[in-house]
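Notes to accompany the following structure.
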Amino acid sequence: MMKHLVLVILLAVLVHDHVHDGTTTVEAAGDGFVRTRGIHFVLNGKPFYANGFNAYWLMYAASDPSQRYKVSSAFHEATSHGLTVARTWAFSDGGYRPLQYAPGFYNEQMFKGLDFVIYEARKYGMKLILSLVNNYESFGGKKQYVNWARSKGLYLTSDDDFFRSPLVKGYYANHVKTVLNRYNSFTGIHYKDDPTIMAWELMNEPRCTSDPSGRTIQAWITEMASLVKSIDRNHLLEAGLEGFYGQSTPQRKRMNPAGFNIGTDFIANNRIPGIDFATVHCYPDQWVSNSNEQYQLSFLNNWLNAHFIDAQYALRKPILVAEFGKSFKDSGYNTYQRDQLFSTVFYKILASAKRGGPAAGALFWQLLTEGMESFQDGYGIMLGQRSSTANMIARQNHRLYLIRRILGRLANMRRWKRARGNRRSGGNGGGSSRMELPQLLN
């Protein structure tokens, strides 16, 4: 009983922070768009936790009408486990079954697949984070863009010229405009006006190893964030970062895994105007693969602690764990190891939520459904198959749902009390006296 009482008191302090945060953004209550208020997400004026999954394959599967049931199954299984957000690709450049088969030329059947994904997410009450290009060769990525420019006679020496070449940046800008202005053939709503979409992501895991100073990536994010916001002021925007520290915080660079000096800067990149929230990815099984399980969990703890602290105090923005997972292909793997990793991530987010911190949820990599075995990369989880990990995911989302519900009620109560105070004092409502946490716990 005392544990529940303490939780309610902690949440009351958090509501105070929600209401009185000086960095409140403009918010249209009830329009269905996820927005930020200080270091938190809000939806229709109430706290929102973006707990969910990655499923890069959704558009690909939905482009074939006979395979769309897999998308529906994924959303059904996700919502039955309490998940609220899916992150997926809004790109497929060149190659097999592309969305964009040449700069500015699109495969309508593939675009209808993305239309269906958004339509189906809307039906199931899911929010989407749509990524606009890949850093890697899979589904084309920056390499395909650079190759398109080379085919026009440009001499480009590196795939990193994606971030520098005016022609290549023009190709990308055109893709951004095309996707954001797309008219959905299922919903009848332009993407930029659809609240089903929670956020745009500039790039999946941007890296520019040819410029470890970070200046190239910083300039590119600045330019493209401005472009997105000039078209779409409804949606949130994030850069797609993994969370590696850069030149702006030399003391933090020691947090990076050895050898990860890839031209991004977690602090500087996320301070760019137009970037609404920060992201961090967590793959200790890849990044510190030569270490034992205990060290990998210790790395994960320190990695999340540092980023949550920096999101709260250096950035003053929400932070989302946009990718995390553990592969069953790892040497010596067992399910308990994966559950330990999930438990660590979930515990950190829950602890942050209880104390009013910036951690806004986590998206595991990746969700698969029946018939998607060919997409199994070792990290795939099928929620339709009972497992300890699936149970853990459901429990986490239930806890966050309860926190969100209590926060919403407390926020409504505080607004009602403030309005009543204003009426009694003729519009000069008295200030709220803030109790410190130690006082509340005594």
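Using a distance-only test at 3.5 Å, with no hydrogens or angles considered, a donor-acceptor pair links the side chain of Q296 to the main chain of S291. Distance alone, capped at 3.5 Å, is enough to place a donor-acceptor pair between the N269 side chain and the D265 backbone. At distances below 3.5 Å, at least one donor-acceptor pair connects side-chain atoms of N54 with backbone N or O atoms of A322. At least one donor-acceptor pair under 3.5 Å links the side chain of D232 to the backbone N or O of H235. Remark: side-chain polar atoms of T36 are not paired, donor with acceptor, to backbone N or O of F41 under 3.5 angstrom. With Q218 contributing its side chain and A268 its backbone, the two residues share a donor-acceptor pair below 3.5 Å. For the pair Q396 (side chain) and F346 (backbone), a donor-acceptor distance under 3.5 Å is present. Using a distance-only test at 3.5 Å, with no hydrogens or angles considered, a donor-acceptor pair links the side chain of Q366 to the main chain of F375.
Contacts of F163 classified as ring pair (Phe, Tyr, Trp, His ring centres under 6.0 Å), with partners at least two apart in sequence or in another chain: W220. The side-chain hydrogen bond (donor to acceptor under 3.5 Å, both in side chains) search around Y96 returns none, not counting sequence neighbours. Among residues two or more places apart in sequence or in another chain, the side-chain contact (heavy atoms from CB on, under 4.5 Å) test is passed with T344 by L297, L300, N301. Among residues two or more places apart in sequence or in another chain, the side-chain hydrogen bond (donor to acceptor under 3.5 Å, both in side chains) test is passed with K317 by none. Every residue two or more places apart in sequence or in another chain that forms a side-chain contact (heavy atoms from CB on, under 4.5 Å) with T178 is listed here: Y106, F111, N174. Evaluation of the side-chain hydrogen bond (donor to acceptor under 3.5 Å, both in side chains) rule for S138 yields no partner, not counting sequence neighbours. Listed by chain and residue number, nothing satisfies the side-chain contact (heavy atoms from CB on, under 4.5 Å) test with S289 (two or more places apart in sequence, or in another chain). Under the side-chain contact (heavy atoms from CB on, under 4.5 Å) criterion, T209 pairs with D160, I262, sequence neighbours left out. For K177, there are no side-chain hydrogen bond (donor to acceptor under 3.5 Å, both in side chains) partners at least two apart in sequence or on another chain.
Here CZ of R338 is found 11.0 Å from CG of D330. Values are rounded to the nearest 0.5 Å. In this structure, NZ on K169 lies 10.5 Å from CZ on F162, to the nearest 0.5 angstrom.
Using a 4.0 Å cut-off between charged nitrogen and carboxylate oxygen, E108 and R182 count as a salt-bridge pair. K112 and D115 are not joined by a salt bridge, as no carboxylate oxygen comes within less than 4.0 angstrom of a charged side-chain nitrogen.
Of all the heavy atoms in D285 and S327, the pair that sits closest is OD2-N, 3.2 Å. In terms of heavy-atom proximity, H190 sits nearest to N181 at CD2-O, 3.1 Å. Heavy atoms only, all atoms of each residue included: L130 and A90 are closest at CB-CB, 4.1 Å. Residues T369 and E77 share a closest heavy-atom pair of OG1-OE2, 3.3 Å. A pairwise comparison of heavy atoms in A359 and Y49 identifies O-CE2, 4.1 Å as the closest pair.
Under the salt bridge (Lys or Arg N to Asp or Glu O under 4.0 Å) rule, D276 has a single partner from K229, R35, R37, which is K229. A side-chain contact (heavy atoms from CB on, under 4.5 Å) with K142 is found for one member of D93, V133, D159 and no other, namely D159. When each of M203, E238, E201 is tested with S131 by the rule side-chain contact (heavy atoms from CB on, under 4.5 Å), just one qualifies, namely E201.
Contacts classified as side chain to side chain donor-acceptor pair (under 3.5 Å) and involving residues 250-262 (residues at least two apart or in different chains) are given here: R252-D310. Within the structure, ring-ring contact (aromatic ring centres under 6.0 Å, His included) contacts touching residues 391-412 (residues at least two apart or in different chains) do not occur.
Atom CD of E137 is surrounded by 12 or fewer heavy atoms from other residues, nucleotides or ligands within 6.0 Å.
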* Asked: So Y145 and Q100, side-chain hydrogen bond (donor to acceptor under 3.5 Å, both in side chains) or not? Walk me through it.
  -> CA-CA 10 Å; Y145 275 84; Q100 184 178 201; 3.1 Å; yes
* To do: Take V85 and L363, measure what side chain to side chain contact (heavy atoms under 4.5 Å, CB included) needs, and give me the verdict at the end.
  => CA-CA 8 Å; V85 175; L363 317 178; 4.1 Å; yes
* Could you check F328 against Y379 for ring pair (Phe, Tyr, Trp, His ring centres under 6.0 Å), going step by step and ending with a plain yes or no? => CA-CA 7 Å; F328 66 65; Y379 292 88; 8.6 Å; no
Contacts table for residues 57-65: side-chain donor-acceptor under 3.5 angstrom, sequence neighbours left out:
{"residue": "W57", "atom": "NE1", "partner": "L367", "partner atom": "O", "Å": "2.9"}
{"residue": "Y60", "atom": "OH", "partner": "R97", "partner atom": "NH1", "Å": "3.3"}
{"residue": "S63", "atom": "OG", "partner": "Y60", "partner atom": "O", "Å": "2.7"}
{"residue": "S63", "atom": "OG", "partner": "R97", "partner atom": "NH2", "Å": "2.6"}
{"residue": "D64", "atom": "OD1", "partner": "S66", "partner atom": "N", "Å": "3.0"}
{"residue": "D64", "atom": "OD1", "partner": "S66", "partner atom": "OG", "Å": "2.8"}
{"residue": "D64", "atom": "OD2", "partner": "S66", "partner atom": "OG", "Å": "3.2"}

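Using bins of under 30°, 30° to 60° and over 60° for the plane-to-plane angle, the ring pair H281/Y283 lands in the perpendicular bin.
With F116 as the aromatic partner, R68 meets the cation-pi criteria of under 6.0 angstrom to the ring centre and within 45 degrees of the ring axis.
Between the side chains of N204 and R87, at least one donor N or O sits under 3.5 Å from an acceptor N or O. A donor and an acceptor atom, one from each side chain of Q144 and Y171, are nowhere located under 3.5 Å apart. For the residue pair E205 / Y136, a side-chain donor-acceptor distance below 3.5 Å is found, with atom types taken as modelled.
Not less than 6.0 angstrom separates the ring centroid of W303 from the ring centroid of F324. A centroid separation of 6.0 Å or more is found between the aromatic rings of F53 and W365. Between H307 and F244, a ring centre-to-centre spacing not shorter than 6.0 Å is recorded.
Residues Y191 and L180 fail the side-chain proximity criterion, which asks for heavy atoms closer than 4.5 Å.
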